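Scope of the values below: all heavy atoms of this structure, side chains included, with no hydrogens, waters or symmetry mates. As the structure is a computational prediction, the values presented were derived from the model and not from experiment. When a residue number appears, it is its place in the shown sequence, counting from 1.
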Amino acid sequence: MAYNLHIERDGFWNESTPIKISLEEWLGVCRSDPSMKELGSGIEGVNPKTGEKIKVTAEGTCVWTPDESREEYYFYYNSGRITFGTEDNQFRKAKEIAISLSASIYGDEGEEY
């Protein structure tokens, strides 16, 4: 089972007044950073075993490609927070993003990083 991390604002889970990151705020961060690219309506790939084309639609998906590694790291927007993986490079970038959005990083279990 995969474990994800999330960029969220404090109070995100407060049911009466959740403090969410808007899609516009998130895309503003993506668009202002030359190392990030907005993927538009989703990601396409090919199943290596069947050759079937697969498209995952997710508005607000951005990919970060650091100059030093040329690896691609994905950030997914969903319902007021940004979800990402647990790799060290990606975590460091997520900290920068969280600061710019006045947010913090939380794990799937709600623990703050």
Side-chain angles (χ1 to χ4, degrees):
M1 184 173 188
Y3 190 84
N4 292 308
L5 298 172
H6 313 277
I7 300 170
E8 303 171 355
R9 293 211 169 109
D10 294 335
F12 177 82
W13 292 106
N14 181 341
E15 292 181 21
S16 61
T17 56
I19 305 169
K20 297 182 176 183
I21 298 165
S22 73
L23 178 60
E24 293 76 24
E25 287 177 287
W26 166 234
L27 292 179
V29 169
C30 291
R31 292 171 182 155
S32 68
D33 185 334
S35 68
M36 295 190 79
K37 177 182 170 189
E38 180 184 353
L39 295 182
S41 63
I43 303 167
E44 292 184 10
V46 176
N47 182 320
K49 291 186 179 182
T50 66
E52 176 187 12
K53 286 188 177 183
I54 301 167
K55 182 173 182 176
V56 177
T57 57
E59 184 178 22
T61 299
C62 295
V63 62
W64 173 58
T65 308
D67 287 334
E68 64 274 5
S69 72
R70 304 312 298 165
E71 292 288 323
E72 293 184 336
Y73 301 96
Y74 291 85
F75 292 85
Y76 306 92
Y77 179 85
N78 186 16
S79 302
R81 69 180 182 174
I82 295 102
T83 299
F84 61 99
T86 59
E87 296 181 23
D88 288 343
N89 279 341
Q90 191 171 23
F91 185 82
R92 282 190 289 278
K93 182 63 175 181
K95 288 292 268 183
E96 290 176 27
I97 293 168
I99 290 168
S100 72
L101 290 168
S102 300
S104 299
I105 296 177
Y106 295 90
D108 281 341
E109 302 293 324
E111 69 283 13
E112 186 173 1
Y113 285 85

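Remark: Thr83 OG1 to Ile7 CD1 distance equals 9.0 Å, nearest 0.5 Å. Distance check: Gln90 CD to Glu71 CD gives 11.0 Å after rounding to the nearest 0.5 Å. Considering SG of Cys62 and NZ of Lys37, their distance stands at 10.5 Å, rounded to 0.5 Å. Rounding to the nearest 0.5 Å gives a distance of 6.5 Å between SG of Cys30 and CD1 of Ile97.
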Exercise for the section: Mind running side-chain contact (heavy atoms from CB on, under 4.5 Å) on Glu38 and Leu27 for me, showing each step along the way? Expected result: CA-CA 7 Å; Glu38 180 184 353; Leu27 292 179; 3.7 Å; yes

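For Glu72 and Tyr74, the side-chain atoms include at least one donor-acceptor pair closer than 3.5 Å. Between the side chains of Asn4 and Tyr106, no donor-acceptor pair of N or O atoms lies under 3.5 Å. Side-chain contact check for His6 and Asp108: at least one donor-acceptor pair (N or O, by modelled atom type) lies under 3.5 Å.
Paired with Phe84 under the rule ring-ring contact (aromatic ring centres under 6.0 Å, His included), one option of Phe75, Trp26, Tyr113 passes, and it is Phe75.
The existence of a salt bridge linking Glu25 and Arg9 is confirmed by a sub-4.0 Å separation between a basic side-chain nitrogen and an acidic carboxylate oxygen. A salt bridge is defined here as a Lys NZ or Arg NE, NH1 or NH2 lying under 4.0 Å from an Asp or Glu carboxylate O, and Lys93 with Asp33 meets this definition.
Using a 4.5 Å heavy-atom cutoff, the side chains of Ser104 and Asp10 are in contact. At least one side-chain heavy atom of Thr86 sits less than 4.5 Å from a side-chain heavy atom of Leu5. Put simply, the side chain of Glu112 does not reach to within 4.5 Å of the side chain of Ile105, judged on heavy atoms.
Under a hydrophobic-cluster definition in which Ile, Leu, Val, Met, Phe, Trp and Tyr are linked whenever side-chain heavy atoms come within less than 4.5 Å, directly or via other members, Ile19 and Ile21 are assigned to different clusters. Val46 and Leu39 are not part of a single hydrophobic cluster, where members link through side-chain heavy atoms under 4.5 Å apart.
Looking at Glu8, its side chain never comes within 3.5 Å of a backbone N or O of Arg81 through a donor-acceptor pair. Between the side chain of Glu111 and the backbone N or O of Glu109, at least one donor-acceptor pair lies under 3.5 Å. In terms of modelled atom types and a separation under 3.5 Å, the side chain of Tyr77 and the main chain of Leu23 share a donor-acceptor contact.
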